[in-house]
Amino acid sequence: MANAALSRFFCSKLLVRCSAYEKDAGGGGVRVNGAAHRAPLQVGAALETSINRSLAGLSAPVLAPLGEDEGEGEGEERRRSERQNIPREKQTADPFRQALIVEGGVRYRQTVVVRSYEGGADRTATLETVLNLLQETALNHVWMSGLLGDGFGATHGMARNNLIWVVSRMHVQVDHYPIWGEVLDIDTWVGSSGKNGMRRDWLIRSRSSGADFVRATRHGLFCSENHTWVMMNKATRRLSKMPEEVRAEISPWFTDRHAIQDQEEATDKIIKLDANATYVDSDLKPRRSDLDMNHHVNNVKYVRWMLETLPDQFLQQHQLSSIVLEYRKECGSSDVVQSICQPDEEDTILPGENVGIVTGCPSLSPEIINGCHLGLAGALRRWPTRYTHLLQLKADGGKYEEIVRGRTTWKKKSYQTS
């Protein structure tokens, strides 16, 4: 294609090669990176027009040569910015992300499809997938606002003050888990919280039924013991108050709307656990892929460590319906982490049930029952539905420092997987 030739002229490397061909009178096909796709792409006329306009805007050289007064580092930064195509003005539609700005220009809505690798054994989206979607749509909202500066969701004013966002408290309620291939509408918006605070909310709905699947919120005050969304100096790693120029950037986007009306669960203090808890998993180590653009472990990864501490039997029969997280410290690539979990009540056997009689082997020892008949013993258990969690890292002198506290609430699955 002519466009492909132009891309080779301006770019040292081609990220994607694409060509089209015709077969017979009414046939057509698309070839991407050498792979044939015989069915032509079908898109709506409005979306197709928007995409074509966006592509026209991207037809300028992507990797232009360095300027005479431009150093290698400055040139690389400019090239990265051009590849990202970060808007400098507010956008009302993003055809590539299937996103729109709605509700008077302050609410962001993105349509997504649950991919195969985002689901678990039961074909439903995992909690990690849900949290990643929340994080991605929040960043995309800042992107479309024209406020995205140099950083992980940082605005231009934050970049000038060398500030980054740090999540401190989050509350997520899950009514239903989307399934593989399901189309979702994700709405997110921001609002004020008290005199000196900010809150972000999300709502995930099924496109087909309109049912609410997930509600989430981060809210509170800056630079106080109750803050839930704070700024940190990138160099000193110390918390910072919101500068007035940053407030001026984001306050026009505030709207008075709450995804979660009852905040009693989120505001209840989460107790600190110790090593005497029921479930303890030690010597957890972050992988390099767990780090985000701020060079510390992404907060979504903490949830995986928390949930994997719970017994497999419980996870097979239950699904999480609510989680509250209180983030307290960063975790780096070289840290060693301990995950602790304590049920809010003791595990019990259902009244009137006897594992030995049911299995037909009343003389079996508890070790055999818990080993050979693990599934049956688990099925007879009346598991607690609320758990308290703690992640902590090993510090000098054998001490531990808190990373995040959590509280989870669970419900029985409508169906179970083996």
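The basis for the numbers below is simple: all heavy atoms, side chains too, and nothing from hydrogens, waters or symmetry mates.
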Enquirer: Hey, could you give me the CH2/CD distance between Trp202 and Gln135, rounded to the nearest 0.5 Å?
Expert: 8.5 Å
Enquirer: For a quick test of reading the model, state the closest non-hydrogen atom pair linking Ile270 to Gly406 and the distance between them.
Expert: CG2-O, 3.7 Å
Enquirer: Would you please name every residue forming a side-chain contact (heavy atoms from CB on, under 4.5 Å) with Arg287, sequence neighbours left out?
Expert: Ser289, Asp290, Arg304
Enquirer: Are Arg123 and Trp180 in a cation-pi contact, defined as NZ or CZ under 6.0 Å from the six-membered ring centre and within 45° of the axis?
Expert: no
Enquirer: The criterion is side-chain hydrogen bond (donor to acceptor under 3.5 Å, both in side chains); which residues satisfy it with Ser206, sequence neighbours excluded?
Expert: Glu182, Ser208, Ser209
Enquirer: Rounded to the nearest 0.5 Å, how far apart are CG of Leu147 and CD of Glu89?
Expert: 11.5 Å
Enquirer: Can you tell me how far the NZ atom of Lys301 sits from the CG atom of Asn132, to the nearest 0.5 Å?
Expert: 6.5 Å
Enquirer: Between Gln173 (side chain only) and His171 (backbone N and O only), is there a donor and an acceptor less than 3.5 Å apart?
Expert: no
Enquirer: For Asp274, enumerate each residue passing the salt bridge (Lys or Arg N to Asp or Glu O under 4.0 Å) test, keeping only those at least two apart in sequence or located in another chain.
Expert: none
Enquirer: Please confirm whether His141 and Trp253 have ring centers closer than 6.0 angstrom.
Expert: yes
Enquirer: For the CG atom of Leu131 and the CG atom of Asn299, what is their distance to the nearest 0.5 Å?
Expert: 7.5 Å
Enquirer: Could you name each residue pair satisfying salt bridge (Lys or Arg N to Asp or Glu O under 4.0 Å) that touches residues 129-148, not counting sequence neighbours?
Expert: none
Enquirer: Quick one: pull up CG in Leu307 and CG in Leu315 and give me the separation to the nearest 0.5 Å.
Expert: 7.0 Å
Enquirer: Between the main-chain N or O of Thr409 and the side-chain N or O of Ser321, is there a donor-acceptor pair closer than 3.5 Å?
Expert: yes
Enquirer: What I'd like to find out is whether the side chain of Thr92 reaches to under 4.5 Å of the side chain of Leu100, using heavy atoms alone.
Expert: no
Enquirer: Are the side chains of Ile250 and Phe254 in contact, using a 4.5 Å heavy-atom criterion?
Expert: yes
Enquirer: Where the side chain of Asp335 meets the backbone of Cys331, is there a donor-acceptor pair that is under 3.5 Å apart?
Expert: no
Enquirer: Let me see the working for Val280 and Ser282 under side chain to side chain contact (heavy atoms under 4.5 Å, CB included), right down to the final yes or no.
Expert: CA-CA 6 Å; Val280 179; Ser282 301; 3.8 Å; yes
Enquirer: Does the side chain of Leu325 reach to within under 4.5 Å of the side chain of Val172, using non-hydrogen atoms?
Expert: no
Enquirer: Report all side-chain donor-acceptor pairs from residues 394-403 shorter than 3.5 Å, counting only partners two or more places apart or in another chain.
Expert:
residue, atom, partner, partner atom, Å
Lys394, NZ, Asp283, OD1, 3.0
Glu401, OE1, Lys329, NZ, 3.2
Glu402, OE1, Arg405, NE, 2.5
Glu402, OE1, Arg405, NH2, 3.4
Glu402, OE2, Arg405, NH2, 3.2

Enquirer: Who pairs with Glu308 by salt bridge (Lys or Arg N to Asp or Glu O under 4.0 Å), at least two apart in sequence or on another chain?
Expert: none
Enquirer: State, with a plain yes or no, whether a side-chain heavy atom of Gln91 is found less than 4.5 Å away from one of Ile101.
Expert: no
Enquirer: Can you find a side-chain donor-acceptor pair between Arg288 and Ser333 that sits under 3.5 Å?
Expert: no
Enquirer: Taking salt bridge (Lys or Arg N to Asp or Glu O under 4.0 Å) as the definition, give me every residue that meets it alongside Glu244, ordered by chain and number, with sequence neighbours left out.
Expert: Arg247
Enquirer: Restricting to non-hydrogen atoms, name the atom on Pro343 and the atom on Pro384 that form the minimum distance, rounded to 0.1 Å.
Expert: CB-CG, 3.6 Å
Enquirer: Please find the pair of heavy atoms, one from Asn298 and one from Val300, that lie closest to each other, and give the distance.
Expert: OD1-N, 2.9 Å
Enquirer: Identify which one of Val112, Leu134, Asp212 satisfies the side-chain contact (heavy atoms from CB on, under 4.5 Å) criterion when paired with Ile204.
Expert: Leu134
Enquirer: Can you name the one residue among Met306, His389, His318 that meets side-chain contact (heavy atoms from CB on, under 4.5 Å) with Thr408?
Expert: His389
Enquirer: Is any side-chain heavy atom of Ile260 closer than 4.5 Å to a side-chain heavy atom of Asp201?
Expert: no
Enquirer: Decide side chain to side chain contact (heavy atoms under 4.5 Å, CB included) for Met170 and Val324; before the verdict, give the C-alpha distance in whole Å, the side-chain angles of both, and the deciding distance to 0.1 Å.
Expert: CA-CA 6 Å; Met170 190 164 187; Val324 179; over 6 Å; no
Enquirer: Got Leu127 and Val303 here, is their nearest side-chain heavy-atom distance under 4.5 Å?
Expert: yes
Enquirer: Go through the side-chain N and O atoms of Gln110 and Thr137 and say whether any donor and acceptor fall under 3.5 Å apart.
Expert: no
Enquirer: Answer yes or no: is there a donor N or O on one side and an acceptor on the other, between the side chain of Thr255 and the main chain of Arg257, under 3.5 Å?
Expert: no
Enquirer: Under the side-chain hydrogen bond (donor to acceptor under 3.5 Å, both in side chains) rule, collect the residues that match up with Ser334, sequence neighbours excluded.
Expert: none
Enquirer: Measure across Leu273 and Thr388 and return the closest heavy-atom pair with its distance rounded to 0.1 Å.
Expert: CD1-O, 3.3 Å
Enquirer: Hydrogens and angles aside, do Gln342 and Thr278 bring a side-chain donor and acceptor to less than 3.5 Å of each other?
Expert: yes
Enquirer: Quick one: list whatever passes salt bridge (Lys or Arg N to Asp or Glu O under 4.0 Å) with Asp175, sequence neighbours left out.
Expert: Arg215
Enquirer: Are Tyr108 and Met144 packed together at the side-chain level, in the sense that at least one heavy-atom pair is separated by less than 4.5 angstrom?
Expert: yes
Enquirer: For a quick check under 3.5 Å, do Ser339 and Thr309 share a side-chain donor-acceptor pair by atom type?
Expert: yes
Enquirer: Kindly compute the distance separating CG (Leu184) from CZ (Arg205), expressed to the nearest 0.5 Å.
Expert: 12.0 Å
Enquirer: Does any donor atom in the side chain of Arg200 or Thr188 lie under 3.5 Å from an acceptor atom in the other side chain?
Expert: yes
Enquirer: List in chain and number order the residues that pass side-chain hydrogen bond (donor to acceptor under 3.5 Å, both in side chains) with Glu249, two or more places apart in sequence or in another chain; answer none if no residue qualifies.
Expert: Thr155
Enquirer: Considering only residues two or more places apart or on different chains, which pairs with a residue in residues 109-118 satisfy salt bridge (Lys or Arg N to Asp or Glu O under 4.0 Å)?
Expert: Arg109-Asp187, Arg115-Glu118
Enquirer: Test side chain to side chain contact (heavy atoms under 4.5 Å, CB included) on Gln319 and Tyr177 and set out the steps.
Expert: CA-CA 9 Å; Gln319 58 184 193; Tyr177 282 86; 3.7 Å; yes
Enquirer: Go through the steps to decide whether Tyr387 and Tyr279 satisfy the test side chain to side chain contact (heavy atoms under 4.5 Å, CB included), and finish with yes or no.
Expert: CA-CA 11 Å; Tyr387 293 81; Tyr279 307 112; 4.3 Å; yes
Enquirer: Sort out for me which residue in Val404, Val337, Asp281 forms a side-chain contact (heavy atoms from CB on, under 4.5 Å) with Trp305.
Expert: Val337
Enquirer: Please identify each residue that fulfils side-chain hydrogen bond (donor to acceptor under 3.5 Å, both in side chains) with Arg97, with sequence neighbours left out.
Expert: Asp94, Asn140
Enquirer: If you take the centroid of each ring, where Trp contributes its six-membered ring, are Phe314 and Trp410 closer together than 6.0 Å?
Expert: yes
Enquirer: Determine whether a donor-acceptor pair (N or O, by modelled atom type, separation under 3.5 Å) exists between the side chain of Arg407 and the backbone of Asp268.
Expert: yes
Enquirer: Tell me, do Trp189 and Val106 make a side-chain contact under 4.5 Å, heavy atoms counted?
Expert: no
